[in-house]
Amino acid sequence: MADHFIVFAYTDKSLKHKGISAFIVERSREGFSSKAIKGKYGIRSGNTGELFFEDVRIPVGNRLGEEGEGFKIAMASLDNGRFTVAAGACGLLMACIEESVKYCQSRSTFGKPIGEHQLVQQMIAKMEAGFQMSRLLVYRAGEMKNKGIRNTRETSLAKWQACDFANQAADDAVQIHGAYGYSDEYPVARFLRNSKAPVIYEGTREIHTLMQADYVLGKREDRKLNQMLPAWPFED
């Protein structure tokens, strides 16, 4: 859908990740085309596509940063993408709570609302705990961003935990709805489909687990970035 694309490509394969450079590619450039990917399990409202390059020539003026800085640029931008994913997971947690509470108040079994059954209450309580913890982690990372402080560690933790909590909450929301939850009659089935992809993209839960362990064990330390987002409010 875009008119411009950021593309990462090897300019020197012998240097491995240090030989990756970033380029801005215009849709109008000869040899470039794209195709939408259909049939995704979830997040269908977000357009995902494949990019095709047939003898595409990119001038040096389209390079983003210096040669060999592509990997650094990609890793630095992850802090922003992961933050939005974590914030979105908080929204999904809220939706799971709202729909589950609504259903608990309207559905009765064995002569009482299902919200009075203890195991249903347990699932509702876990959703609320996950939401509150995730929101605080996102707020902490957001505050650091507003101050212009490097937040790779904090954003990683927020993304990992919020997405895991949201995935579990969506699964519990379907369970609370019973057979209705396994249909399109209620939105919780869509919540479950949408909750899985964020656990995978912007760094899998396994990657974030290793990152957090390395921080605690002193094996990982964030270096200063060439460019940081400015502090808020922005100054002229």
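The residues of the chain are indexed from 1 along the displayed sequence.
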Q: Side chain to side chain contact (heavy atoms under 4.5 Å, CB included) between I176 and I124: does it pass, once the steps are laid out?
A: CA-CA 9 Å; I176 289 170; I124 296 292; 3.8 Å; yes
Q: Just so I know, are the side chains of Q122 and L119 near enough to count as touching, which here means a heavy-atom distance under 4.5 Å?
A: yes
Q: Check this for me: does any side-chain nitrogen of one of D172 and K126 sit under 4.0 Å from a carboxylate oxygen of the other?
A: yes
Q: Have E69 and S21 got a donor and an acceptor in their side chains that come within less than 3.5 Å?
A: no
Q: Are the side chain of Q105 and the backbone N or O of S100 linked by a donor-acceptor pair below 3.5 Å?
A: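 Side chain of Q105 to backbone of S100: no pair is present.
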Q: State, without any angle test, whether R27 and S33 hold a side-chain donor-acceptor pair at a distance under 3.5 Å.
A: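 Looking only at side-chain atoms, S33 and R27 do not form any donor-acceptor pair under 3.5 Å.
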Q: Report yes if the side chains of I200 and E206 come closer than 4.5 Å at any heavy-atom pair, otherwise no.
A: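 Contact flag for I200/E206 side chains = no.
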Q: Hey, could you give me the CG/CZ distance between L93 and F131, rounded to the nearest 0.5 Å?
A: 7.5 Å
Q: Give me the atom names and distance for the closest heavy-atom approach of A189 to G181.
A: CB-O, 3.3 Å
Q: Around atom OH of Y215, are there more than 12 heavy atoms of other residues, nucleotides or ligands at under 6.0 Å?
A: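 Check passes, neighbour count above 12.
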Q: Could you check whether any side-chain heavy atom of N62 comes within less than 4.5 Å of a side-chain heavy atom of E26, counting everything from C-beta outward?
A: yes
Q: Give a yes or no on whether Y180 and I97 share a hydrophobic cluster (residues Ile, Leu, Val, Met, Phe, Trp, Tyr; joining criterion: side-chain heavy atoms under 4.5 Å apart).
A: yes
Q: Are L229 and F83 connected in the hydrophobic side-chain network, where two residues link if heavy atoms are under 4.5 Å apart?
A: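 L229 and F83: separate clusters.
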Q: Between P113 and C104, what is the shortest heavy-atom contact and its length?
A: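 In this case the closest contact between P113 and C104 is CB-O, 3.6 Å.
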Q: Quick test of your reading of the model: are D214 and K219 salt-bridged, counting only N-O distances below 4.0 Å?
A: yes
Q: Given 3.5 Å as the limit, does a donor-acceptor pair link the side chain of S108 with the main chain of G111, or not?
A: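 Checking the backbone N and O of G111 against the side chain of S108, no donor-acceptor pair under 3.5 Å is found.
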Q: Would you give the length of the straight line joining atom NE2 of H177 to atom CG of L192, rounded to the nearest 0.5 angstrom?
A: 12.5 Å
Q: Are F8 and L51 joined in one hydrophobic group, where the rule is that I, L, V, M, F, W and Y side chains link up if heavy atoms are under 4.5 Å apart?
A: no
Q: Would you confirm whether E154, through its side chain, and M144, through its main-chain N or O, come within 3.5 Å as a donor-acceptor pair?
A: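 Flag not set: sc E154 to bb M144 has no pair under 3.5 Å.
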Q: Tell me whether R140 is salt-bridged to E143, with the criterion being a basic N under 4.0 Å from an acidic carboxylate O.
A: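 No.
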Q: Linking I/L/V/M/F/W/Y whenever their side-chain heavy atoms sit closer than 4.5 Å, directly or via other members, would M123 and F191 fall into one cluster?
A: yes
Q: Can you tell me if E128 and Q132 form a side-chain donor-acceptor pair at under 3.5 Å?
A: yes
Q: Show, in sequence, the C-alpha distance, side-chain angles and deciding distance for I207 and T209, and conclude whether the side chain to side chain contact (heavy atoms under 4.5 Å, CB included) test is met.
A: CA-CA 5 Å; I207 288 294; T209 300; over 6 Å; no
Q: Would you find a donor on one side and an acceptor on the other, under 3.5 Å apart, between the side chain of R63 and the backbone of G65?
A: yes
Q: Just verifying a value: how many Å separate E30 CD and R57 CZ, rounded to the nearest 0.5 Å?
A: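 Here the rounded value is 10.5 Å.
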Q: Within this structure, what is the CD1-NZ distance for the pair I20 and K13, rounded to the nearest 0.5 Å?
A: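 Here the rounded value is 10.5 Å.
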Q: Passes side chain to side chain contact (heavy atoms under 4.5 Å, CB included), Y103 versus I114? Steps please.
A: CA-CA 8 Å; Y103 191 75; I114 63 171; 3.6 Å; yes
Q: Check V56 against I58 and note the closest heavy-atom contact, atom names and distance.
A: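 That closest heavy-atom pairing would be CG1-CD1, 3.5 Å.
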Q: Would you say NZ of K145 has more than 12 non-hydrogen atoms from neighbouring residues, nucleotides or ligands within 6.0 angstrom?
A: yes
Q: One pair to check against side chain to side chain donor-acceptor pair (under 3.5 Å): S34 and E50. What are the steps and the verdict?
A: CA-CA 6 Å; S34 67; E50 299 176 272; over 6 Å; no
Q: Given 3.5 Å as the limit, does a donor-acceptor pair link the side chain of K159 with the main chain of T204, or not?
A: no
Q: We want to know whether D79 and T155 form a side-chain donor-acceptor pair, criterion being a heavy-atom distance below 3.5 angstrom.
A: no
Q: Report yes if some heavy atom in the side chain of N194 is under 4.5 Å from a heavy atom in the side chain of Y41; otherwise report no.
A: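 Contact flag for N194/Y41 side chains = no.
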Q: Kindly compute the distance separating CG (L157) from CE (M133), expressed to the nearest 0.5 Å.
A: 11.0 Å
Q: Closer than 4.0 angstrom, basic N to acidic O: yes or no for E99 and K102?
A: yes
Q: Hey, mind stepping through T152 and R150 against side chain to side chain donor-acceptor pair (under 3.5 Å) and telling me if it holds?
A: CA-CA 6 Å; T152 300; R150 180 82 186 266; 2.7 Å; yes
Q: Could you go step by step and tell me if R205 and D164 meet the salt bridge (Lys or Arg N to Asp or Glu O under 4.0 Å) rule?
A: CA-CA 8 Å; R205 66 157 66 102; D164 266 9; 2.9 Å; yes
Q: Please determine whether residues Y186 and V101 belong to a single hydrophobic cluster, defined as Ile, Leu, Val, Met, Phe, Trp and Tyr linked transitively by side-chain heavy-atom distances below 4.5 Å.
A: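 Yes; V101 is reachable from Y186 via cluster members.
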Q: With a 4.5 Å heavy-atom cut-off, do H117 and K112 have their side chains touching?
A: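 A side-chain contact exists here, since the closest heavy-atom pair is under 4.5 Å.
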Q: Could you check whether any side-chain heavy atom of N167 comes within less than 4.5 Å of a side-chain heavy atom of L92, counting everything from C-beta outward?
A: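 No, every pair of side-chain atoms sits at 4.5 Å or beyond.
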Q: Please name the pair of heavy atoms, one in A166 and one in A89, separated by the smallest distance, quoted to 0.1 Å.
A: CB-O, 3.7 Å
Q: Within the 4.5 Å heavy-atom criterion, are Y201 and I43 side-chain neighbours or not?
A: yes
Q: Grab the two heavy atoms, one from V120 and one from G115, that are nearest each other, plus how far apart they are.
A: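 Answer, listing the atom of V120 first, then G115: CG1-CA, 4.3 Å.
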Q: For the rings on F32 and F53, is their centre-to-centre separation under 6.0 Å?
A: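 So the answer is yes for these two rings.
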Q: Rounded to the nearest 0.5 Å, how far does CD of E98 lie from CE of M127?
A: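 That separation rounds to 11.5 Å.
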Q: With heavy-atom distances below 4.5 Å as the criterion, would you say the side chains of L64 and F23 are in contact?
A: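 No, too far: nothing below the 4.5 Å cut-off.
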Q: Locate the shortest heavy-atom distance separating S134 from F165; write the atom from each residue and the value.
A: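 Closest pair (atom of S134, atom of F165, distance): OG-CD1, 3.3 Å.
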Q: Are the side chain of T11 and the backbone N or O of G19 linked by a donor-acceptor pair below 3.5 Å?
A: yes
Q: So, is the end of the K35 side chain (NZ or CZ) under 6.0 Å from the ring centre of F52 and within 45° of the ring's axis?
A: no
